[in-house]
Chemist: 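Here you go, one structure.
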Amino acid sequence: MPELQKIKLVLEDGTVFEGKSFGYHKSVAGEVVFNTAMTGYPESLTDPSYEGQILVATYPLIGNYGVPKDDKENGIPKFYESDRIHISGLIISDYSFEYSHWNAENSLREWLMQNEVPGIFDIDTRALTKILREKGSMLGKIEIENETIDFVDPNKENLVAKVSVKEKKVYGTGKNKVVLVDTGAKYNILRCLLKRDTTVTVVPWDYDFTQDDYDGVMLSNGPGDPQMCPDTVKHIQKAMEIGKPIFGICLGNQLLGIASGASTYKLKYGHRAHNHPVIKVGTDTCYITSQNHGFAIDNESLSSDWEPLFVNVNDKTNEGVRHKSKPFFSTQFHPEASSGPTDTEFLFDEFIGLIEKSK
Ligand SMILES: NC(=O)CC[C@H](N)C(=O)O
């Protein structure tokens with residue numbers, strides 16, 4: 001094991017955890033959240049929804065399968081969810097300095113260094129997660145020795161503007177024309193669309209796509225508080241008047257909800273895992289889903305034209321909405337998975353089905 005420098009995590013409530021630095025050695029502040037998935041750190045670290053957050057992995061052994069090659073397909077990385085690491089820092093229990101996997105090209109440590117993202121290991125992540133579970137997600141800061149920085153609340157910033165594409169870009173040559181509103185889209189949403197005979201135009205979060213020629217709208221995931229994107233909401237409202245199919249995922253669910261008049265609130269510690277059970281409302285069908293969110297739509301605030309589509313079995317929170325008569329629906333979980341279970345990928349087929357029916 002190389003010589004490692006000391007580094008600490010300081011929580012808003014004053015708790016301090018001392019650990020060892022294995023990533024880029026610098027101080028950083030953000031919101032501390034935990035994810036209970038056992039695999040998928042390359043996908044999580046590059047998920048733009050984590051922008052501004054310090055991520056705690058509750059699974060104790062991290063780094064053992066390295067990080068994948070940066071192979072491209074259709075002009076986008078095959079194994080990553082965006083072009084860079086989005087988390088502000090990584091907190092783990094045991095870092096595996098040895099890695100082995102058929103697809104590994106680099107170590108997690110090297111990759112964190114290249115992206116200038118700090119990592120701490122040798123932390124009692126069970127004790128830390130219990131604090132976050134009991135008190136809720138809180139602000140925190142990673143501090144190197146002899147340095148003090150201020151806490152920063154990323155939810156007060158427009159993080160979506162930071163992670164969205166700056167210009168329109170077209171992918172694929174399929175027959176169904178989908179506008180993908182990039183509020184921080186994971187590449188697997190694009191991959192799932194391209195697999196289904198589509199031409200996808202990825203547009204910036206504040207672009208008025210309603211003037212374009214399209215068959216359906218896909219609203220992506222993304223970071224931060226959904227109330228920070230009024231421009232996107234305005235365009236969604238215009239698209240609802242046009243009436244072509246709309247499918248939203250995670251932040252997309254929240255923005256569709258807000259556009260329909262519903263309100264959102266912050267969950268105590270959010271859902272970040274591979275095993276969240278959701279029930280399709282009105283059925284006995286339960287799906288196990290991949291999730292990463294800290295906000296939710298208030299089911300009670302839905303207007304009379306809308307209804308909950310899925311509900312979380314654990315805490316009964318909203319997991320999706322749909323319009324009662326128009327082809328608009330969304331999910332709070334991730335049907336594109338990556339990482340996590342792919343059980344709900346069929347929702348992309350349902351979206352394409354709605355597009356074909358409405359043409
Ligand atoms: N993955 C996402 O799209 C997250 C949505 C939103 N930023 C939340 O935390 O609730």
Side-chain angles (χ1 to χ4, degrees), residues 30-37 40 43-56 80-82 85-88 132 136-139 153-164 180-190 192 202 205 218-230 232-233 236 246-259 262-274 276 278 289-299 301 310 312 315 317-321 330-341 344 347:
E31 182 188 21
V32 187
V33 298
F34 65 88
N35 187 320
T36 61
E43 293 93 328
S44 290
L45 268 57
T46 54
D47 176 349
S49 300
Y50 278 114
E51 183 72 30
Q53 294 177 327
I54 295 172
L55 177 62
V56 181
Y80 292 98
E81 289 309 311
S82 71
I85 296 182
H86 283 276
I87 61 162
S88 299
L132 299 174
S137 301
M138 44 176 127
L139 301 185
D153 186 353
N155 294 314
K156 297 215 163 80
E157 289 171 53
N158 184 347
L159 301 169
V160 164
K162 258 172 126 171
V163 301
S164 173
L180 169 56
V181 183
D182 177 18
T183 48
K186 286 166 67 189
Y187 278 140
N188 211 38
I189 295 180
L190 185 52
C192 286
V202 179
W205 69 284
M218 177 91 233
L219 306 170
S220 82
N221 63 293
D225 185 339
Q227 300 294 345
M228 301 301 281
C229 308
T232 318
V233 168
I236 297 170
I246 305 176
F247 177 19
I249 293 176
C250 212
L251 182 66
N253 177 55
Q254 298 162 359
L255 295 179
L256 187 63
I258 293 170
S263 51
T264 56
Y265 63 100
K266 196 169 192 301
L267 296 166
K268 190 172 177 190
Y269 48 84
H271 299 159
R272 295 175 187 84
H274 281 172
H276 270 280
V278 305
T289 64
S290 177
Q291 303 209 5
N292 168 23
H293 66 110
F295 292 85
I297 294 178
D298 177 1
N299 278 324
S301 71
F310 296 95
N312 192 299
D315 61 9
T317 56
N318 178 270
E319 290 290 355
V321 296
S330 54
T331 65
Q332 189 54 58
F333 55 86
H334 290 273
E336 84 286 4
S338 200
S339 56
T344 53
L347 291 170

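Note that ligands are numbered from 1 as they come in the structure, with each ligand's atoms numbered from 1 the same way.
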Chemist: Run the numbers for me: atoms of ligand 1, each under 4.0 Å from some heavy atom of Gly294, listed by number.
Modeler: 8 (C), 9 (O), 10 (O)
Chemist: Which of the numbered atoms in ligand 1 are below 4.0 angstrom from a heavy atom of Leu251?
Modeler: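 Numbered from 1, ligand 1 contributes 2 (C), 3 (O), 5 (C).
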Chemist: Which is it for Pro223 and ligand 1 at heavy atoms under 4.0 Å: side chain, backbone, both or neither?
Modeler: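 Backbone only; the side chain of Pro223 stays clear of ligand 1.
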Chemist: Pick one: which of Asp315, Thr36, Thr289, Asn312 meets side chain to side chain donor-acceptor pair (under 3.5 Å) with His276?
Modeler: Asn312
Chemist: If I compare all heavy atoms of Asn221 with all of Lys186, which pair ends up nearest, and what's the gap?
Modeler: OD1-N, 3.0 Å
Chemist: Could you say whether the N/O atoms of Ile249 and ligand 1 ever approach to under 3.5 Å?
Modeler: no
Chemist: Quick check on contacts: which atoms of ligand 1 are under 4.0 angstrom from a heavy atom of Asn221?
Modeler: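 So the atoms of ligand 1 that pass are 1 (N), 2 (C), 3 (O).
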Chemist: Which heavy-atom pair separates Asn318 from Ile297 by the least distance, and what is that distance?
Modeler: CB-O, 3.3 Å
Chemist: Tell me the nearest of Ser137, Gly184, Gly52, Gly224 to atom 6 (C) of ligand 1, using heavy-atom distances.
Modeler: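 Selected option, by shortest heavy-atom distance: Gly224.
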Chemist: Does Gln254 come within less than 4.0 Å of ligand 1, judged by its heavy atoms?
Modeler: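 Contact check Gln254 vs ligand 1: positive.
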Chemist: So if I count the atoms of ligand 1 from 1 in the order they appear, which ones are less than 4.0 Å from some heavy atom of His293?
Modeler: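 Near His293, the atoms of ligand 1 are 4 (C), 8 (C), 9 (O), 10 (O).
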Chemist: Compute whether any side-chain donor of one residue and acceptor of the other, for Thr183 and Ser220, lie under 3.5 angstrom apart.
Modeler: yes
Chemist: What distance separates Leu159 CG from Asp225 CG, expressed to the nearest 0.5 Å?
Modeler: 9.5 Å
Chemist: Find all atoms of ligand 1 within a distance of less than 4.0 Å from any non-hydrogen atom belonging to Ser49, and give their numbers and elements.
Modeler: 1 (N), 2 (C), 3 (O)
Chemist: Report yes or no: does His334 have a heavy atom closer than 4.0 Å to ligand 1?
Modeler: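 His334: in contact with ligand 1 (<4.0 Å).
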Chemist: Any idea which atoms of ligand 1 are less than 4.0 Å away from a heavy-atom of Gly222?
Modeler: 2 (C), 3 (O), 4 (C), 5 (C), 6 (C), 7 (N)
Chemist: Among Val160, Val163, Ile87, find the residue that satisfies the side chain to side chain contact (heavy atoms under 4.5 Å, CB included) test when tested with Glu51.
Modeler: Val163
Chemist: Assess, by modelled atom type and distance only, whether the side chains of His334 and Asn292 contain a donor and an acceptor separated by less than 3.5 Å.
Modeler: no
Chemist: Below the 3.5 angstrom mark, is there an N/O of Asp47, backbone or side chain, next to an N/O of ligand 1?
Modeler: no
Chemist: Any side-chain donor paired with an acceptor under 3.5 Å for Ser338 and Glu336?
Modeler: no
Chemist: Can a donor-acceptor pair be found between the side chains of His293 and Asn253 at a distance below 3.5 Å?
Modeler: no
Chemist: So is Arg272 polar-close to ligand 1, meaning N/O to N/O under 3.5 Å?
Modeler: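 Looking only at distances, the answer is no, because the N/O contact criterion of under 3.5 Å is not met.
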